[in-house]
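This report refers to the structure that appears directly beneath it.
These values consider heavy atoms only, across backbone and side chains, with no hydrogens, waters or symmetry-generated copies. Atoms within each ligand, like the ligands themselves, are counted from 1 in listed order.
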Amino acid sequence: MAAPLPIAWLNGAFVPLAEARVSPLDRGFLFADSVYEVLPVYGGRPFLFVEHIARLERSLREIRMRSPFGRPEWAALLTELVARNGGGEMYLYVQVTRGAEEGRNHALNPALAPTVFMMASPLAPLEESVSTHGVGAVTMPDERWGRCDIKSTALLANVLAKSRAVDAGETEAILLADGELREGSSSSVLVVKDGVIHAPPYGPEILPGTTRELALSLATRAGIATRVAPIGEAVLRAADEVMISFATRGVLPVTRIDGAPVGSGRPGPVWRTLAAGFDAYRREVAGTPLLPAG
Ligand code: PDD
C-alpha cells in the first residue's frame, strides 16, 4: 500500500500530513464515534462526488450529526486537496468524528465541534493479472454490528475478516449470514447467473455501494438484466461470474471462492462489459462540474 500524498486537511486548514495531530480524547479514537468516505479521483476530478457526499450526509444523520459543510464547500475543499497534491489519479479519504471532549463520556455531547480530516493517496493502476486471472476470495461469517449501512470507522470485524483473506493468500473476504450473501469486507458483491446480474437488497446489514450502483446502471445501459433480491450461498457458489466493487478499484472479477473456481475460473464477459462501461463513463464525465448547476 503506497504512502499517502503529502498534503492533508484537518479542522480548517491544509497541513502537511506528517504534521497533522488529533487529540487522544477525540471520540473517533476512543469510541470509533465517527464516519468516513473514500472516493476516487480521475484526471483531477473526484468521481461520483454527489453520491459519496450524499452517503456521508446520510451516515452523519444516522449517528445524529450534522454535516459540517454544504455540498459546494465539500466540492471546493476536495478539489483544492486534489490540486495541492498534484492532481491526476488518486483517492480521497474523508473522516468526520464527533470531536474531542474533556474526558471519556459514552453519551454524546451535541455541543462538540466535529473533527474533520481529509487526505489523499495514490491510486495504483490495476495490475495486468486482474483482467487475465481475476482475484480470489474466501467466505466467512459476517461478525459485524447491526448497522452496516452506516459507513462507520468501527471496522474491527472488517479488518479481521480482510486479514483472514490475506492470510489465505486471497484479495477479499465475502461475508455470509443466515445462508445469504451480504457483502465483502470492503466491497459490494455482484453475482452473475444465466446472464443476469444479481445484487443483494439494501438494509441495515450492508453498505449501499456507490460503485455497485454505477455498475448496475451501466449494466442496464449495456442491455444486461439486473435483479436485486436475496442471494443464497448456493447461488453464490454456482455463479457464472462473481464481482466485487469498491471505489478505489471499480469492479473486479472474482474467479476463485474458497479455492474453487467461479464459473470458468476466468474473468467473464459480464465483467468485461462493465469494465469497458466504466472506462467509457469515466471519459464521459471528465471535465463536467461536480455539482449540478443552480
Ligand atoms: N469501502 N461495503 C463495504 C463494507 C465497504 O467498505 C465498501 C467500500 C463498499 C463499496 O462501497 P463503494 O463502492 O461506495 O466504495 C461496500 C471503501 C473503499 C473503504 O473502506 O476503503
Query raised in the report: Under 4.0 Å from ligand 1, counting heavy atoms only, is it the side chain of Cys148, its backbone, both or neither?
Result: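 Near ligand 1, Cys148 shows nothing, with every heavy atom at 4.0 Å or more.
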Which label fits Tyr42 and Phe47: parallel for a plane angle under 30°, tilted from 30 to 60°, or perpendicular past 60°?
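Ring orientation, 0 to 90° scale: perpendicular.
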Between Phe31 and His106, how do the two ring planes meet: parallel, tilted or perpendicular, split at 30° and 60°?
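Phe31 and His106: tilted rings.
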Mark up the atoms of ligand 1 that fall under 4.0 Å of a heavy atom belonging to [X], in ascending order.
X      : answer
Ser187 : 2 (N), 3 (C), 5 (C), 7 (C), 9 (C), 16 (C)
Ser245 : 10 (C)
Ser185 : 4 (C)

Answer yes or no: is there a side-chain heavy-atom contact under 4.5 Å between Met118 and Trp74?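 A side-chain contact exists here, since the closest heavy-atom pair is under 4.5 Å.
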Q.
Within the 4.5 Å heavy-atom criterion, are Ser67 and Leu56 side-chain neighbours or not?
A.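 No - every pair of side-chain heavy atoms lies 4.5 Å or more apart.
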Looking at [Y] and [X], is there a salt bridge between them, counting it only when a charged N and a carboxylate O are closer than 4.0 Å?
X      : Y      : result
Arg237 : Glu233 : yes
Asp279 : Arg282 : yes
Glu143 : Arg182 : no

| Quick one: does Glu172's side chain have a donor or acceptor within less than 3.5 Å of a partner on Ile244's backbone? |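 Checking the backbone N and O of Ile244 against the side chain of Glu172, no donor-acceptor pair under 3.5 Å is found.
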Any pair counted as salt bridge (charged side-chain N to carboxylate O under 4.0 Å, His left out), so long as it reaches residues 120-130, sequence neighbours left out =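 Matches after skipping sequence neighbours: Glu127-Arg249.
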For this session: Quick one: which residue pairs count as a salt bridge (charged side-chain N to carboxylate O under 4.0 Å, His left out) with a foot in residues 183-209, not counting sequence neighbours?
Result: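 The answer is Arg144-Glu183, Lys193-Asp240.
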[atom] - nearest protein heavy atom and its distance:
atom                    : result
atom 2 (N) of ligand 1  : Glu183 OE1, 2.6 Å
atom 13 (O) of ligand 1 : Thr211 OG1, 2.5 Å
atom 21 (O) of ligand 1 : Val38 CG2, 3.6 Å
atom 15 (O) of ligand 1 : Ala247 N, 2.8 Å
atom 6 (O) of ligand 1  : Ser186 CA, 3.4 Å
atom 12 (P) of ligand 1 : Thr210 OG1, 3.5 Å
atom 20 (O) of ligand 1 : Tyr36 OH, 2.6 Å
atom 1 (N) of ligand 1  : Lys151 NZ, 3.2 Å

What do you reckon, does [X] put a non-hydrogen atom under 4.0 Å from ligand 1?
X      : answer
Arg55  : yes
Gly184 : yes
Tyr93  : no

